[in-house]
Amino acid sequence: MTTSQLLSLVLVPVAVATAHGFFTNWMAVQLLLKPVKPVNILGFRLQGLLPRRQEELAERISAAIAERFLTREDILNFLRQVDPVAAMRALLVEKWDEKLGEILDSIPMAKMFVSPERLEGIRDKIASALAEEAGAFTERLVDSLEGKIDLKETLRRNILAFDVTELNGIIEQIGYREFREIAWVGAAIGLAIGSVHALINVVVLR
């Protein structure tokens, strides 16, 4: 077997099959994400799987999350775990000091008749009275939200609004190593097929 025969019957099939396996797998992975916008090639509409099926993916992902991972009941339970007394008291104290300071600054004479200690006493009594009702208020708030929380629709809407190009970039950053491994697996398969082809060529010529 001459050198040219060796090149054409052994090395070429191996090299071609290896390159074919690598680039075929690499292109298959890329076509999951790109092109973002539809492209017409010889009458065929070409678009990445993710951009093309974004609406269906949004529907299924939102349904899976809302039904299995983060349900409406989970959100309501989170709200119930908040300490309403402490939250109401902290909010009232913060707003009392803020607004009362503005009022006293606008009426300087008022500071002469009402001491800071007296104002703090009034504030604490009001805060205690309102805080006692905070628990019932939280339950009413939860009851009012229970029929209005549509987690699935909210997730679906947000997924559809997410920029596909940005999402593609995130997926590529996360999966770059895996994408490259898939391409090299294709190259390995191509190498094996090419080697078998080359072996058959050698056996037949002998």
Quick one: pull up CZ in Phe23 and CD in Gln30 and give me the separation to the nearest 0.5 Å.
-> 12.0 Å

Which heavy atom of Ala17 sits nearest a heavy atom of Gly190, and at what distance?
-> CB-O, 3.0 Å

Taking atom CD of Glu55 as the centre, does the number of heavy atoms from other residues, nucleotides or ligands within less than 6.0 Å exceed 12?
-> no

side-chain contact (heavy atoms from CB on, under 4.5 Å) partners of Phe162, counting only residues at least two apart | Glu166, Leu167, Ile170

Quick one: pull up CD in Glu178 and CD in Glu172 and give me the separation to the nearest 0.5 Å.
-> 13.0 Å

Side-chain heavy atoms under 4.5 angstrom apart, residues restricted to Ile, Leu, Val, Met, Phe, Trp, Tyr: same cluster for Val29 and Val36?
-> no

Taking atom CD1 of Ile41 and atom CG of Leu46, what is their separation to the nearest 0.5 Å?
-> 5.0 Å

Sequence neighbours excluded, which residues qualify as side-chain contact (heavy atoms from CB on, under 4.5 Å) partners of Ile193?
-> Ile189

Over all atoms of both residues, closest heavy-atom pair of Pro51 and Gly48 = CD-O, 3.2 Å

More than 12 heavy atoms from other groups under 6.0 Å of CZ on Arg157 | yes

Taking all non-hydrogen atoms of both residues, which atom of Pro35 and which atom of Val39 are closest, and how far apart?
-> CG-CG2, 3.9 Å

Do Arg45 and Gln47 meet the criterion of a side-chain donor-acceptor pair at a distance under 3.5 Å?
-> yes

Which value, rounded to the nearest 0.5 Å, describes the distance between Ser62 atom OG and Leu160 atom CG?
-> 8.0 Å

Find out if a path of hydrophobic residues (ILVMFWY) with successive side-chain heavy-atom gaps under 4.5 Å connects Tyr176 to Phe22.
-> no

Say you draw a straight line from CG of Asn25 to NE2 of His20; how long is it, rounded to the nearest 0.5 Å?
-> 9.5 Å

Measure the CG-CG distance between Asn168 and Leu50 for me, rounded to the nearest 0.5 Å.
-> 5.5 Å

Transitively linked via ILVMFWY side-chain contacts under 4.5 Å: Ile61 with Val164?
-> no

Give the cluster check for Leu57 versus Leu32: same hydrophobic cluster or not, with ILVMFWY residues linked at side-chain heavy-atom distances below 4.5 Å.
-> yes

How far apart are the C-alpha atoms of Glu59 and Arg53, what are their side-chain angles, what is the distance that settles it, and do they pass the salt bridge (Lys or Arg N to Asp or Glu O under 4.0 Å) test?
-> CA-CA 10 Å; Glu59 179 70 25; Arg53 307 291 288 275; over 6 Å; no

Taking the six-membered ring for Trp, is the centroid-to-centroid distance between Trp26 and Phe179 below 6.0 Å?
-> no

So if you build clusters from Ile, Leu, Val, Met, Phe, Trp, Tyr with side-chain heavy-atom gaps below 4.5 Å, do Ile182 and Leu49 land together?
-> yes

